[in-house]
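Note sheet for the following structure.
Both ligands and their constituent atoms are indexed starting at 1 by order of listing. FYI, side chains are in, hydrogens and waters are out, and symmetry mates aren't considered; it's all heavy atoms of this structure.
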Amino acid sequence: MTNSTAKLEFGGDNREYEIRKGTVGPDVIDIGSLYKDTGMFTYDPGFTSTASCESKITYIDGDEGVLLHRGYPIDQLAEQGDFLEVCYLLLYGELPTRTQKEDFDYRVTRHTMLHEQMSRFFTGFRRDAHPMAVMCGMVGALSAFYHDSTDISDPRQRMIASIRMIAKMPTIAAMAYKYHIGQPFVYPRNELSYAANFLHMCFAVPCEDYKVNPVLARAMERIFILHADHEQNASTSTVRLAGSSGANPFACIAAGIACLWGPAHGGANEAALNMLSEIGSVDRIPEYIERAKDKDDPFRLMGFGHRVYKNYDPRAKIMQKTCHEVLQELGIKDDAQLDIAIELERIALTDDYFIEKKLYPNIDFYSGITLKALGFPTTMFTVLFALARTVGWIAQWKEMIEDPNQKIGRPRQLYTGATQRDYVPMERR
Ligand code: SDX
């Protein structure tokens, strides 16, 4: 691709910087030498106009509401694929052949067990600890047990660590849930699919057989696919930044989990359901719509708005459809929170404030209702998001490690603090 340049003129100086084109989406201005050339930094808190890396994994067109994983549209993957197939695609860049898929499934399935000693870590947590706090601790602790896959310079170890993370997250998440509710841990079952295995580990009890509902297992697979990766969002950027220092992959994923927990990010699914509970009835929606528009009120409609999507989040459409399927399968006819969500969406999408600011439902708006119907408490919602996003974090981490140009991430700042001054002894303060 021929590249043009961007001209920067200041203080009588003229500089030109290369404009690089991707295969699709916005071009970038390569300003890597700007500080060396000009003694100035760019300033972009929140990185609203900054590309932090080059990537081939996921493309989002926020204006058109398009999400592609290695070029494949999210709706096609969610409708036709299974989660491990999407994991393979994100990690290797191509859809697997039947043989490759069978081999990948076999490898993941046989890494689902956790080192038995790690089960004792849970007793160190309070039973009422938020499961995301447990996930941060448990995933970080994996690097204390799996030393044979922490040498990030070894491609074989990188792939083993990747498989281990994808395989063990459902086990750890299910154990966090069981510990939270005071039930015994349930071991993974090799004959079950990824999502069915997770549901079995969460909802089976030793006293009786538990048969996973195939419709719910399919819905769970689809929910995992919808959450698998999403370009350079806050938690993925956290994983990349942690990985850029050479930290082991387990520690990097633990950092990603911590970032995802925030209510502005992955914590929004839990916050959205809590918001629907707080609204309580359809006739109180206008009051909350006004609060969301009030600059002096910190309240925001959780599950609405997005840094990139200025159109409907394509995942939210599929999540809404999945929500109806799950409620129908479970015979849940009149879910009050779903009624509030549908009416809230209808009102917001016709309100000038939301139209002007291009605020649409995002993936977190309907996921909470679905996960609650599946039997999960709200405190587990972001855990499920982290479970699914682990493959995206790992794929982006691998891409960064394998990028020959990668270096430690180290942003600069605009300093507005005190200039140099001398220490004042206590008696003279
Ligand atoms: C996820 O990045 C990703 O890809 C994330 C994610 C992924 O898969 O990884 O998609 C997952 O995190 C989805 C987003 C979940 N978060 C929420 O639902 C929380 C509620 N949403 C907002 O906090 C907000 O929309 C953000 C954080 C999602 C995006 O914020 P931005 O891009 O920084 O936008 P902004 O805060 O500058 O908002 C622009 C304007 C502001 O008004 P002005 O200052 O211009 O007057 O829109 C307003 C905001 O006040 N606004 C909202 C709103 N979201 C933005 N007003 C009311 N309710 C909202 N939800």
Side-chain angles (χ1 to χ4, degrees), residues 44-52 55 57-63 65-69 74 78 86 90 132 223-240 256-276 279 285 287-319 341 344-345 347-349 351-369 381-382 384-393 395-396:
D44 182 19
F47 311 120
T48 52
S49 303
T50 295
S52 61
S55 180
I57 298 173
T58 290
Y59 173 69
I60 304 171
D61 182 329
D63 294 327
V66 168
L67 169 57
L68 308 177
H69 288 318
I74 188 63
V86 173
L90 291 170
M132 281 297 279
I223 291 168
F224 287 160
I225 291 170
L226 293 177
H227 288 82
D229 190 52
H230 211 239
E231 200 212 65
Q232 306 311 319
N233 58 85
S235 53
T236 298
S237 300
T238 300
V239 171
R240 278 181 171 262
I257 293 171
C259 176
L260 186 76
W261 195 357
H265 190 13
N269 52 18
E270 177 178 354
L273 200 78
N274 291 337
M275 175 189 72
L276 294 174
I279 293 173
I285 290 174
E287 170 197 337
Y288 281 86
I289 292 275
E290 287 316 305
R291 283 190 57 193
K293 292 153 62 171
D294 178 356
K295 283 282 151 264
D296 298 326
D297 189 330
F299 173 78
R300 286 194 167 176
L301 285 188
M302 302 316 284
F304 258 79
H306 199 277
R307 170 62 56 79
V308 177
Y309 288 123
K310 301 309 172 189
N311 197 324
Y312 213 103
D313 182 335
R315 303 169 298 174
K317 283 200 175 69
I318 303 166
M319 182 56 74
L344 177 59
E345 176 186 355
I347 296 173
L349 295 185
D351 184 290
D352 290 344
Y353 174 91
F354 292 89
I355 294 169
E356 183 236 322
K357 293 187 186 296
K358 300 183 177 178
L359 300 175
Y360 291 86
N362 59 50
I363 190 165
D364 295 304
F365 189 62
Y366 285 102
S367 58
I369 299 167
F381 292 178
T382 311
L384 271 61
F385 195 149
L387 187 168
R389 185 53 57 88
T390 293
V391 62
W393 288 331
Q396 299 270 354

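In this structure, atom 12 (O) of ligand 1 has protein heavy atoms in its sub-4.0 angstrom surroundings.
Looking at Leu301 next to ligand 1, an N or O pair under 3.5 Å apart turns up. Considering backbone and side-chain N/O of His306, one or more are found under 3.5 Å from N/O of ligand 1. The distance criterion of under 3.5 Å between nitrogen or oxygen atoms is not met by Phe354 with respect to ligand 1. For the pair Arg389 and ligand 1, the shortest N or O to N or O distance falls below 3.5 Å. At least one N or O atom of Phe304 sits closer than 3.5 Å to an N or O atom of ligand 1.
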Subject >> Stepwise side chain to side chain contact (heavy atoms under 4.5 Å, CB included) check, Arg315 with Tyr366 >> reply: CA-CA 10 Å; Arg315 303 169 298 174; Tyr366 285 102; over 6 Å; no

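Ala292 and Tyr353 get closest at one heavy-atom pair: O-OH, 3.8 Å.
Closest to atom 54 (N) of ligand 1 among all protein heavy atoms lies Leu359 CD2, 3.7 Å. Nearest protein heavy-atom contact of atom 32 (O) of ligand 1 is Arg307 NE, 2.7 Å. Nearest protein heavy-atom contact of atom 2 (O) of ligand 1 is Asn233 CB, 3.4 Å. The closest protein non-hydrogen atom to atom 15 (C) of ligand 1 is Asp364 OD2, 3.2 Å. The nearest heavy-atom contact from the protein to atom 56 (N) of ligand 1 is Tyr353 OH, 3.2 Å.
Ligand 1 lies within reach of Lys295, whose nearest heavy atom is under 4.0 Å from it.
No part of His227 comes within 4.0 Å of ligand 1, judged by heavy-atom distances. At a heavy-atom cutoff of 4.0 Å, ligand 1 is contacted by the backbone of Pro263 but not by its side chain.
When the side chain to side chain donor-acceptor pair (under 3.5 Å) test is applied to Asn269, the partners found at least two apart in sequence or on another chain are Thr382.
When the heavy atoms of Glu231, Lys357, Arg300 are ranked by distance to atom 59 (C) of ligand 1, first place goes to Arg300.
A distance-only check finds no donor-acceptor pair linking the side chain of Asp297 to the backbone of Asp294 [under 3.5 Å].
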